[in-house]
Amino acid sequence: MKPCLLALCLALPACAAPTLMPLPAKTTPGTGRLAVTQSFRVALSGPSDEPRVHASALRLVSRLAAQTGMPFNPALEPDATKATLVIAWSSDGLPVQALGEDESYHLTVDSNQARIQAPNALGALRGMETFLQLVEVDAQGFAISGVTIDDAPRFPWRGLMLDCSRHFMPLDVVLRNLDGMSALKLNVFHWHLSDDQGFRVESKHFPRLQQMGSDGLYYTQDQIRHVVAYARERGIRVIPEFDMPGHSLSWLVGYPELATSSGPFEIGRHWGGFAALMNPASEDTYRFLDSFLSEMAGLFPDEYFHIGGDEVNDKEWRTNPAIQSFIQTHALDGSRGLQAYFNKRIQVILAKYGKHMEGWDEILNPDLPRNIVIQSWRGQKSLAQASRLGFQGILSSGYYLDLMQTAARHYQVDPLTGDTADLTDAEKARILGGEAAMWTEYVSPETVDSRIWPRLAAIAERLWSPANVTDVADIYRRLAVMSDRLEAFGLQHNGNYAEMLRRVAGPAPVAPLRVLADATEPGKGYLRDSHHYLQQTPLNRLVDAERPESGEARHFAGLVDKIAAKPDPADIAEARHMLEAWKANDEAVQPVFAASFLASENAALSHELAAVSSTGLEALHAIETHRVRPKSWIESNQNELEKMRKGRAEIIVPIIPAVEQLVTASGERPGAKENERPAKKKRKKS
Ligand code: ACM
């Protein structure tokens, strides 16, 4: 550190601005510096010994110990005047965390003490997360700069849906992701527990559900209770989803009498839809579901209960005479009307057990009571439609983590923009927030953390922070910090990346494979659906190891933006250095391809990265030497790059658009010299 900066640090209390995520509603810098030393102690001040606050405070002490590497006295301080941090709350909150419970808090730090004050215990939990993010290192030790924070969420429903059916997620995966969620102030864990490919809950009323529908991979009722309690302690509601009447093949293996068609049935092993549907025309179906839902309603205390309802392929209903006759007798509007009839029956059962129904877009029907929640996976349009009809809704479209989109793209999706922007204030108030969706067709327990984190943190901020917090560059800066914090916290998105790359490399040195992996990304959207996958297909390839978003490619694109606007020698040198490394890597990585079957399939990818880099170097050279590439060169390279960009490979080269930009810029810059004749010697060398 330069002496003048050091002097500044000593003069001002703490140096760096803390990295907060999600950004609080209001942060006011204060004065003073609160030292965090080994005498750090916490005092609690509330109406009772609220177990959530108590447990969270003890966790805070142990997390702070991990964060600083310093052991602390874990006992709470009985005398608030002596404590470093006082946590005060006015009300313990509800025995079952409810939608809309107050999560606000007020946090002040001065040179004597930090103080969290919250109207409700939940706000105390949120404030503790912010407190931990405030602790920084400065020249004298660990400390917090004086500050006042007034914070409350923008939306009351901020969730993560985790699909545990397509790939079962062991308990430790669920628990560590709940930890991550609480660190980001998320408050709903939507647990997708049944689908065609697996039924994941122990039912005592209908044990063949898990015995025949899960391959032995299911959560016992004790484990479910543990998860619910663990989540409650972190301020997270748990909402189970049992998908019906479609996506229900795994139920039918043990209970074929539920089906529209006759069995036998087997667990679904491939992805995409299956034809099998429950039979909504049979009273036995409702008797079964009544008994099942009564059992599950007791296991999951939240007031909301998700019935799925998505993607009903109605072929079986259309071709079944008994179903068609039922539709006629009840004057239903075809298959849609039949599903609405089914939903209405289920809603009445759920209401009997004290639950509001929740479902995907497809359950929307004006005949249902207005206390249900519609989860929109199709877009803001259906959310707006639901709200206009008087239903509450949450947004998931745009927050599908399985589609491998960038954090920036998710961050820019807002529940109240697009089709919902024109709603009245009353209609907008019915939009409760959103949920990220982690579908797991191509996700295993080993890869799930890297598909969720750190991108979920960007969505968490969208749903917590004020609408005008939209700086994309700043979100990437803070995501990098959060990503490390989450890893320290037990998530494995970084560690598993390194480990999986080592496995792919086998006996060969991993470094060149890592260069390739760092520069490339899994393809976007539903691309992998066009390849052949089954439930048991190993997810141990480079595409599985890779991060959804290449930080290197993003950095390179930023450099190219700057170069295209105003060629600066330092930016050009850095971009050239990156391109040269990628180009040279194709040779360096060959021994890895030779050594490991898992690596060798990536030879074409490596070659493509090198070819794209080579083109980028040629364009950069023209820009650097103030020459203009001939039009024919520009066009043929643009065509080549476009072809590569539109390829359907499972791994993509994300620098292509930036290299296209360089190619374009190498042809059109004002003030450039006359046409450069392609210099053969130079090109060979480059
Ligand atoms: C869904 O993505 N089918 C809810």
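Just so it is clear, the model here is predicted, and its values are computed rather than measured. Counting convention: from 1, in listed order, for ligands and their atoms alike.
- Of the residues listed (E311, E241, R378), the one engaging W360 in a side chain to side chain contact (heavy atoms under 4.5 Å, CB included) is E241, and it is the only one.
- Distance from atom 3 (N) of ligand 1 to its nearest protein heavy atom, with residue and atom name: D310 OD2, 2.7 Å.
- Polar contact with ligand 1: absent for W360 (N/O pair, distance under 3.5 Å).
- By the 4.0 Å N-to-carboxylate-O rule, R225 lies close enough to D222 to be salt-bridged with it.
- No N or O atom of W377 sits closer than 3.5 Å to an N or O atom of ligand 1.
- Shown here is R336, whose CZ atom has no more than 12 heavy atoms of other residues, nucleotides or ligands within 6.0 Å.
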- [ ] May I have the step-by-step check of salt bridge (charged side-chain N to carboxylate O under 4.0 Å, His left out) for D544 and R528, ending in yes or no?
- [x] CA-CA 11 Å; D544 302 302; R528 288 183 91 173; 2.9 Å; yes
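- Annotation for ligand 1: atoms under 4.0 Å from non-hydrogen atoms of Y400 are 1 (C), 2 (O), 4 (C).
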